[in-house]
Amino acid sequence: MSDSVAQATACYERYAAAFNARDIEGMVAEMHFPHRRLAEENRFEVWETADEYRVSRGEAMTVTLAAQGWSHTAVTSIEAVQSGADKVHLALNHVRRRADGSDYNTFATLWIFTKIDGRWGVQFRSSFLSEST
C-alpha cells in the first residue's frame, strides 16, 4: 500500500469513528472545504466552509439517523481505485446497523481525498444506495 493510500485510509477511519460518535468536530477535522457530496437521486450538495457544514449537517443528521433506529455505520470494504501523491479515490462499501446488530441499509460510496497544505482530507463523496430493509 502506498503512503498516499495509507494516509487517505487513516483519514477515512478517523472520520468514520467521529461519525459513529456523532462528533461533528472530529468529522470536520478530516474534511477539506469546499466539500462536495453527490447523494441519492443525483442531489448535489456543496459546503463552502466548515461552519456551513456544522450548521446544515450536525444536529439534522443525528435526528435523521435516530429516527431510522441507527446505532452505527460499518465499512465492509475499502479499495483504492486511483491514487497519486496528492489525491486518492477510495471505493467503500458501508452498512448501517441498528442497536441489535441487524443491518438496515447498505450502500457503496466513492470518497476522494486530497492533500492540501500537507494535510489529507476528504473533499468529495458520492453515494449509491444499494439496499434498504
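Since we're looking at a predicted model, the values are computed, not measured.
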Query raised in the report: Would you say S126 and R37 make side-chain contact, with heavy atoms under 4.5 Å?
Result: no
Query - Any side-chain donor near an acceptor of the partner, S56 and W47, under 3.5 Å - result: yes
Query raised in the report: How far apart are the C-alpha atoms of D100 and S102, what are their side-chain angles, what is the distance that settles it, and do they pass the side chain to side chain donor-acceptor pair (under 3.5 Å) test?
Result: CA-CA 6 Å; D100 66 6; S102 63; 2.6 Å; yes
Report task. Please step through side-chain contact (heavy atoms from CB on, under 4.5 Å) for the pair L65 and R96, ending with a clear verdict. Result -> CA-CA 9 Å; L65 291 170; R96 289 207 174 131; 3.9 Å; yes
Query raised in the report: Quick one: is the NZ or CZ of R22 closer than 6.0 Å to the six-membered ring centre of F19, and within 45° of its axis?
Result: yes
Report task. Specify the closest pair of heavy atoms between D103 and R98, including all atoms of both residues, with the distance to one decimal. Result -> O-NH1, 3.4 Å
Query - Test item: I112 and Q123 side chains (from C-beta on) under 4.5 Å apart, heavy atoms - result: no
Query raised in the report: Can you find a pair of side-chain heavy atoms, one from S4 and one from W120, that are under 4.5 Å apart?
Result: yes
Query - Student check: side-chain heavy atoms of Q7 and D3 closer than 4.5 Å - result: yes
Requested in this report: Go through the steps for R125 and T109 under the test side-chain contact (heavy atoms from CB on, under 4.5 Å), then give the verdict.
Outcome: CA-CA 7 Å; R125 297 176 287 152; T109 61; 5.9 Å; no
Query raised in the report: Taking only residues two or more places apart in sequence or in another chain, which ones pass salt bridge (charged side-chain N to carboxylate O under 4.0 Å, His left out) with E25?
Result: R54
Query raised in the report: Side-chain donor-acceptor pair under 3.5 Å between S77 and N93, yes or no?
Result: yes
Report task. For the pair H32 (side chain) and F124 (backbone), establish whether a donor and an acceptor sit closer than 3.5 Å, ignoring hydrogens and angles. Result -> no
**Report entry** Heavy-atom closest pair, residues A99 and S71
**Finding:** N-CB, 3.3 Å
Query raised in the report: What pair of heavy atoms forms the shortest contact from R119 to A29, and how long is it?
Result: NH1-O, 2.8 Å
Query raised in the report: If you group Ile, Leu, Val, Met, Phe, Trp and Tyr by side-chain heavy-atom gaps below 4.5 Å, do V122 and L38 land in one group?
Result: no
Query raised in the report: Of all residues at least two apart in sequence or in a different chain, which pass the side-chain contact (heavy atoms from CB on, under 4.5 Å) check with E79?
Result: V81
Requested in this report: Quick one: closest heavy-atom pair of A18 and M27, and the distance?
Outcome: CB-N, 3.5 Å
Report task. Can you label the angle between the H35 ring and the F33 ring as parallel, tilted or perpendicular, going by 30° and 60°? Result -> tilted
Query raised in the report: Linking I/L/V/M/F/W/Y whenever their side-chain heavy atoms sit closer than 4.5 Å, directly or via other members, would M61 and V75 fall into one cluster?
Result: yes
Pairs of donor and acceptor atoms involving the side chains of residues 82-92, under 3.5 Å and at least two apart or interchain, shall be tabulated with distances.
unit_1: Q82; atom_1: OE1; unit_2: H89; atom_2: ND1; d: 2.7

Query raised in the report: Mind checking whether I78 and Y12 have side chains closer than 4.5 Å, heavy atoms only?
Result: yes
**Report entry** F107 side chain reached by N105 side chain, heavy atoms, under 4.5 Å
**Finding:** yes
Query raised in the report: Does the side chain of I24 come within less than 4.5 Å of Y53's, by heavy atoms?
Result: yes
Query raised in the report: So, do Y104 and W70 have ring centers that fall under 6.0 Å from each other?
Result: no
